[in-house]
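One structure below.
Since the model is a prediction, treat every value here as computed from it, not as a measurement.
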Amino acid sequence: MLRLVIGTAGTGKSTYINEKIIETAKNGQKCLLLVPEQFSKTGESLLFSRLDDTRANLVQLFTFTSLLNEARTETAGLSVVPLTAAGKAVMAHRAMMNLKKQLTVYSRQVNSFNFSYVMTGTFDDLKRSGYDSAKFYKTVEKTAGESPKLKELSLIYAEYAGLMGDKFIDSEDLLTLLAENMPARYTEEMNIFIDGFESFSRGQMAVIERFLTDSQSVTVALTADGETDITGGVGCFSFVQKTIRELKNLAKQVNVTVERPVLMENSVRFLNKDLRSVDLFVQGKGGGLVANGGVEMRKFDTQSREVNFAVAHIGKMIREKGYTYNDIAIVCPQLDKYENRLQESLTLAGMPYFIDENRIISSSSPMVLFKTVIEIISRGLTAENFIKLLKSGLTKFADDDIIELENYLFVWRDYEFDFSKDFTLSPGGLKPEPTESEKELLVKLNALRSRVYDIFSSFSGGQSSKLAADILKNCYRRVMALGAEDKVSGLAAQMPTTQSDLLIRQWKAAVDCLDRLYDIMGDDVVSQEDLRELFSLIAEGVQIGFAPETQDCLMISRPKRMKLNAVKAVYILGAAEGFFPAAATEPGLLNAYDRENLKINLNS
């Protein structure tokens with residue numbers, strides 16, 4: 001049975017879903033809730049806080065990714081490891097390099113590692129739309145004369161798919177495999193609830209089809225102003241209403257009953273009359289603000305004044321109205337432009353805050369260490385990378401010795417050292433004769449130089465072999481010889497839990513990058529310099545999320561990531577034209593003309 005819960009934002013769809021889950025669990029029936037990645041923690045806290053231990057055992061909460069990861073541990077058909085976004089970017093780069101002589105439109109982007117991410121994003125969009133490389137190539141053949149760009153894109157996509165072959169798979173294909181190999185415990189006598197999505201990819205639809213076929217019921221909540229699109233495809237909710245049609249058609253294909261939709265029409269989100277009035281106005285159901293001061297708009301001529309006003313006003317709300325910090329949220333559509341200013345102002349005001357944003361960790365100590373080791377393998381030891389290696393803070397050498405060596409190399413920064421030989425220049429600079437203490441220091445510095453040099457000279461295989469596997473193995477051995485793993489464990493043991501967890505996650509992410517590159521490139525002959533660039537490419541694509549260090553803090557987020565209940569005050573910063581609401585953009589490499597061409601030729 002398929003049940004659709006339809007309503008605009010704030011009409012209580014998530015509350016309805018949670019109540020149904022609690023009611024079902026109280027009746028002793030199993031439930032599984034699927035939510036988007038960014039809402040998993042919020043959904044978990046809202047749901048499980050209302051269930052006792054016995055009933056909580058009947059409820060499971062997943063994202064599509066976490067469901068896939070858990071099912072992989074118990075299903076042989078899902079044992080293949082999917083490529084990360086960075087891994088796919090490496091594949092796209094290899095595909096473009098292989099076709100370099102055939103490319104004209106994209107010839108200038110061949111050597112751009114960052115462009116590889118844009119390329120894989122386009123491939124992902126095509127795959128979600130049902131275009132595999134073969135289907136896309138055949139469709140483009142009909143438009144090749146009109147669009148050389150599409151022709152080259154189809155060639156790269158085909159080469160990319162060929163490189164993936166049977167050895168590699170992306171998460172979208174793995175979801176399809178999950179649908180085919182779904183363990184019975186996720187469907188048998190299970191009630192499925194899905195909340196927080198606007199649409200579903202091809203792989204996600206395959207999983208939903210399996211749920212429809214094998215589970216007791218499937219309930220899906222979607223944000224729209226009705227079940228049917230009456231705007232001809234140009235309305236605010238047309239995209240979601242298309243998803244509604246697809247779900248109903250899918251249910252009919254597998255002979256599953258579609259219940260009459262549950263229509264949520266009354267807004268329950270806003271206690272404040274002004275905010276409720278604004279909500280109705282946006283929906284075209286009313287207008288005119290009531291005068292109770294719930295909505296306040298301010299215009300500022302500088303970003304600094306805007307942020308300072310918001311921080312001062314938050315302080316006033318806490319002092320005079322008894323608000324706590326977690327009663328307040330800051331929504332910032334241009335968070336990348338406002339983040340530094342917000343951090344500075346909130347820190348000066350002594351206000352605890354949490355910025356809900358995934359962070360790129362390519363500059364973290366573990367990543368820097370691995371990148372530096374590969375650089376030394378590629379280019380040899382220089383004063384710059386020697387110090388960068390030691391100052392990563394993840395080697396077994398004493399901090400005082402590292403500082404003294406850094407000072408020595410700074411004094412002789414214009415001198416090109418051969419690190420296979422002893423230092424002979426005076427630590428004091430241009431002096432006729434070093435003092436006794438300087439001579440003793442020179443002995444100590446040479447001991448450190450020798451220990452580092454020996455680590456890099458002892459593994460000769462990586463220096464001569466051009467096989468990526470050999471170079472990467474020797475990189476890992478050198479990292480271990482530097483004492484990095486023990487250093488990470490030692491530092492983590494001395495840190496507060498939050499910082500300790502972060503360091504360990506960063507270390508595991510760096511090792512995982514090396515593993516991914518080994519899986520992708522291990523059998524290839526590649527230059528050490530190219531391997532260094534490819535590792536940097538993979539590292540740039542790694543992001544990790546963070547958890548708040550305290551519960552009572554201001555929550556700062558972008559509009560799309562934020563889903564908070566029981567917030568009493570919201571400050572929207574940077575609500576400029578084109579940013580809030582965001583102007584529609586065309587992601588990837590396909591513009592509206594390309595998409596229309598594909599649509600026409602697909603249907604012809």
Side-chain angles (χ1 to χ4, degrees), residues 69 72-73 78-98 113 116-117 119-120 159-171 173-174 360-362 364-379 385 389 392 394 455-456 458-486 488 504-544:
N69 290 338
R72 281 178 53 222
T73 63
L78 300 171
S79 58
V80 60
V81 178
L83 283 179
T84 61
K88 290 189 286 186
V90 171
M91 282 294 192
H93 176 73
R94 289 179 65 195
M96 287 191 288
M97 291 298 292
N98 291 348
F113 287 95
S116 301
Y117 282 102
M119 186 67 73
T120 55
E159 181 70 15
Y160 170 81
L163 290 171
M164 296 278 281
D166 297 328
K167 184 178 179 182
F168 304 107
I169 193 169
D170 67 17
S171 56
D173 290 330
L174 204 51
I360 295 173
I361 60 168
S362 57
S364 66
S365 294
M367 286 293 191
V368 169
L369 176 68
F370 276 91
K371 285 194 286 187
T372 307
V373 169
I374 295 176
E375 179 183 333
I376 293 171
I377 293 173
S378 170
R379 299 177 176 178
N385 60 37
L389 177 80
S392 67
L394 300 181
I455 288 171
F456 284 90
S458 59
F459 302 108
S460 59
Q463 299 285 10
S464 57
S465 175
K466 291 187 178 180
L467 198 64
D470 291 335
I471 301 171
L472 293 170
K473 284 177 185 176
N474 283 315
C475 170
Y476 183 75
R477 289 171 187 154
R478 287 178 170 112
V479 170
M480 293 299 104
L482 288 164
E485 190 169 44
D486 292 338
V488 168
I504 291 171
R505 289 168 66 198
Q506 289 172 341
W507 169 257
K508 289 180 177 179
V511 174
D512 187 62
C513 283
L514 206 68
D515 285 340
R516 289 285 175 267
L517 195 55
Y518 184 91
D519 290 338
I520 296 168
M521 304 288 295
D523 297 331
D524 291 3
V525 173
V526 61
S527 73
Q528 295 165 348
E529 184 66 23
D530 283 347
L531 205 60
R532 184 182 70 85
E533 292 288 347
L534 289 170
F535 183 85
S536 296
L537 173 65
I538 285 185
E540 288 295 331
V542 177
Q543 297 184 7
I544 60 175

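- Rounded to the nearest 0.5 Å, atoms CG (Leu394) and CG (Leu389) are 9.5 Å apart.
- With Thr372 contributing its side chain and Val368 its backbone, the two residues share a donor-acceptor pair below 3.5 Å.
- Using a 4.5 Å heavy-atom cutoff, the side chains of Asn98 and Leu163 are in contact.
- A heavy-atom distance below 4.5 Å is found between the side chains of Arg72 and Leu174.
- Rounded to the nearest 0.5 Å, atoms CE (Met164) and CD (Glu159) are 13.0 Å apart.
- Going from atom CG of Leu472 over to atom CZ of Phe535 covers 9.0 Å, rounded to the nearest 0.5 Å.
- Distance check, rounded to the nearest 0.5 Å: CD1 of Ile360 to CE of Met367 gives 10.5 Å.
- The minimum heavy-atom distance linking Ser362 with Lys371 is given by the pair O-NZ, 3.1 Å.
- Side chains of Leu369 and Leu482 form a contact here, defined as non-hydrogen atoms less than 4.5 Å apart.
- Side-chain atoms of Ser365 come within 3.5 Å of backbone N or O of Ser392 as a donor-acceptor pair.
- Two residues are said to be in side-chain contact when any heavy atoms from C-beta on lie closer than 4.5 Å; Glu533 and His93 fail this criterion.
- For the pair Leu514 and Val479, the minimum side-chain heavy-atom distance is 4.5 Å or more.
- The distance from atom CZ of Arg516 to atom CE of Met521, rounded to the nearest 0.5 Å, is 15.5 Å.
- In terms of heavy-atom proximity, Ala89 sits nearest to Ser116 at O-CB, 3.3 Å.
- In this structure, the side chain of Arg379 does not engage the main chain of Asn385 through any donor-acceptor pair within 3.5 Å.
- You'll find the side chain of Cys475 reaches within 4.5 Å of the side chain of Ile377, heavy atoms only.
- Atom CG of residue Leu467 and atom CG of residue Leu531 lie 10.0 Å apart, to the nearest 0.5 angstrom.
- Distance alone, capped at 3.5 Å, is enough to place a donor-acceptor pair between the Tyr117 side chain and the Leu537 backbone.
- Ile361 and Ala509 get closest at one heavy-atom pair: CD1-CB, 3.6 Å.
- Using modelled atom types, one side-chain atom of Arg478 and one backbone atom of Phe456 make a donor-acceptor pair closer than 3.5 Å.
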